[in-house]
Amino acid sequence: MHCSCSPFPWWSLLLLATAAATCPLLGVTDAPTKAYLAPIVFHGRLVALARRGPAQQATFLVDKVFKSPQPLAKSVVVEFAYRKNSSKCRGAPYTEGELQLASRYVVFAARRRQHRSKMIAVAQPEPYSKRKAVSRVLCANCAKAPSIRGLNDVKVDIFSKLKLKCRISGNPPPKVVWFKNGLKLKADGRIKLRSKRRYSHLIINRVSLDDAGHYKCIAKNVLGNATAFANVIAATTTTESPFWQLRKDPCPRRNFCLNGGVCIYFAVVKEYACECADGYGGQRCETKVISTLSTGQFLSA
């Protein structure tokens with residue numbers, strides 16, 4: 001495994017911009033990152049909503065202040081911009097019905113003209129249930145840049161399952177992206193990407209020779225990023241038959257195998273075959289196989 005870390009991501013520019021101006025954190029969706037970047041964070045109860053031209057003003061009774069350079073009033077007005085009239089520095093976008101009176105929210109804001117009770121929303125509020133996630137990133141020395149461990153080179157047989165696992169740490173929880181030979185991987189029927197707070201899995205079913213290559217796991221949060229690398233070697237399984245020789249190139253015939261089957265080309269006899277997915281059979285995996293538990297036999301649908 002190789003790991004590299006960068007403490008100065010593009011997020012740093014966003015953080016500096018947020019500190020200098022009351023503009024929304026466009027594109028930021030998770031509560032911990034909003035909390036880290038917003039100048040003011042509090043949770044409170046919504047007691048009033050009023051339309052003021054292109055803006056929506058929301059009045060909150062403040063229950064708890066997580067972060068603020070100056071004390072907050074007990075009642076504060078936070079301004080949002082209606083999406084159809086959205087302007088970068090008029091507040092985060094607002095759609096009718098997003099906020100409910102008497103409900104509690106975690107609010108991300110910035111002061112407006114040094115006024116104690118009037119602010120501009122820099123991000124969409126989060127439900128009250130997110131307050132613990134916000135607390136975990138705003139406590140003293142709690143925010144940390146990402147780190148990765150546990151990714152290693154691997155050799156895997158064709159038609160078996162490949163599993164690569166990255167152990168992730170960082171606060172706010174990092175977002176993870178996988179690459180193969182420089183290209184971003186996306187989940188499909190054969191490739192699965194599973195990420196949780198502390199780890200990320202890449203799973204490839206029915207490995208082929210084309211799955212060999214250089215894999216990369218990147219974890220990012222507002223404080224930086226970390227990268228780990230692994231090389232994957234796909235090996236053929238030798239048999240006694242000289243006809244079991246597979247080409248490295250993909251099958252010349254596109255879509256020969258149906259229902260997720262993997263195409264095999266026998267170069268010696270110049271014939272095609274299919275390695276069918278579970279539940280399918282036939283020369284081209286065109287037949288759905290139904291098992292009967294009572295007899296242990298298989299029926300073709």
Could you tell me the separation between the CD atom of E286 and the SG atom of C274, rounded to the nearest 0.5 Å?
8.5 Å

Near K130 NZ, under 6.0 Å, is it more than 12 heavy atoms from other residues, nucleotides or ligands?
no

If you compare all heavy atoms of A35 against all heavy atoms of L138, which two are closest, and at what distance to 0.1 Å?
O-CD2, 3.6 Å

Just wondering, are more than 12 heavy atoms of other shown residues or ligands nearer than 6.0 Å to CG in N181?
yes

Please report the closest heavy-atom contact between G189 and K192, naming both atoms and the distance.
O-NZ, 3.6 Å

Determine whether K175 and D30 make a side-chain contact, defined as any pair of heavy atoms from C-beta on separated by less than 4.5 Å.
yes

Single-linkage hydrophobic cluster V76~L101, side-chain heavy atoms < 4.5 angstrom:
yes

Does N231 reach the main-chain N or O of D153 with its side chain, forming a donor-acceptor pair under 3.5 Å?
no

Tell me if a side-chain donor or acceptor on N221 pairs with a main-chain N or O of K144 at a distance below 3.5 Å.
yes

With side chain to side chain contact (heavy atoms under 4.5 Å, CB included) as the test, would you mind laying out the steps for S68 and I40 before giving the verdict?
CA-CA 5 Å; S68 178; I40 297 172; 4.0 Å; yes

Which pairs pass ring pair (Phe, Tyr, Trp, His ring centres under 6.0 Å) with one or both residues in residues 126-156, sequence neighbours excluded?
H43-Y128

For R190, does the CZ atom have more than 12 heavy-atom neighbours from other residues, nucleotides or ligands under 6.0 Å away?
yes

R104 side-chain N/O to D63 backbone N/O, donor-acceptor pair under 3.5 Å
no

Distance in Å, I148 CD1 paired with I218 CD1, rounded so as to fall on 0.5 Å steps
8.0 Å

Where Q100 and L46 come nearest, the two heavy atoms and their spacing
O-CD2, 3.4 Å

Using the ring of each side chain (for Trp, its six-membered ring), is F229 parallel, tilted or perpendicular to H214, with breaks at 30° and 60°?
parallel

Taking the side chain as C-beta and beyond, is there a heavy-atom pair between Q70 and R111 under 4.5 Å?
yes

Side chain K67, main chain Y36, donor-acceptor under 3.5 Å
yes

Specify the closest pair of heavy atoms between S208 and I158, including all atoms of both residues, with the distance to one decimal.
C-CG2, 4.0 Å

Could you grab the distance from atom CD1 of I204 to atom CG of L193, nearest 0.5 Å is fine?
8.5 Å

With rounding to the nearest 0.5 Å, note down the distance linking CZ in F179 to OH in Y215.
13.5 Å

Donor-acceptor check, side chain of R206 to backbone of G260, threshold 3.5 angstrom: yes or no?
yes

Here the gap from N171 atom CG to T33 atom OG1, rounded to the nearest 0.5 Å, amounts to 9.0 Å

Which value, rounded to the nearest 0.5 Å, describes the distance between W178 atom CH2 and L151 atom CG?
5.0 Å

Greater than 12 external heavy atoms within 6.0 Å of K163's NZ
no

So, do P125 and L99 sit near enough that their side-chain heavy atoms are less than 4.5 Å apart?
yes

Counting only N and O atoms by type, is there a donor-acceptor contact under 3.5 Å from the side chain of R51 to the main-chain atoms of G53?
yes

Go through C285 and C276 one step at a time and tell me if the disulfide bond (SG atoms under 2.5 Å apart) criterion holds.
CA-CA 5 Å; C285 307; C276 297; 2.1 Å; yes

So, K34 side chain and Q124 main chain: donor-acceptor pair closer than 3.5 Å or not?
yes

If you compare all heavy atoms of P39 against all heavy atoms of A109, which two are closest, and at what distance to 0.1 Å?
CD-O, 3.4 Å

Find out whether L49 and Y94 are in side-chain contact, i.e. whether some heavy atom of one side chain is under 4.5 Å from a heavy atom of the other.
yes

Take C257 and V262, measure what side chain to side chain contact (heavy atoms under 4.5 Å, CB included) needs, and give me the verdict at the end.
CA-CA 6 Å; C257 299; V262 177; over 6 Å; no

F256 backbone acceptor or donor facing R284 side chain under 3.5 Å
yes

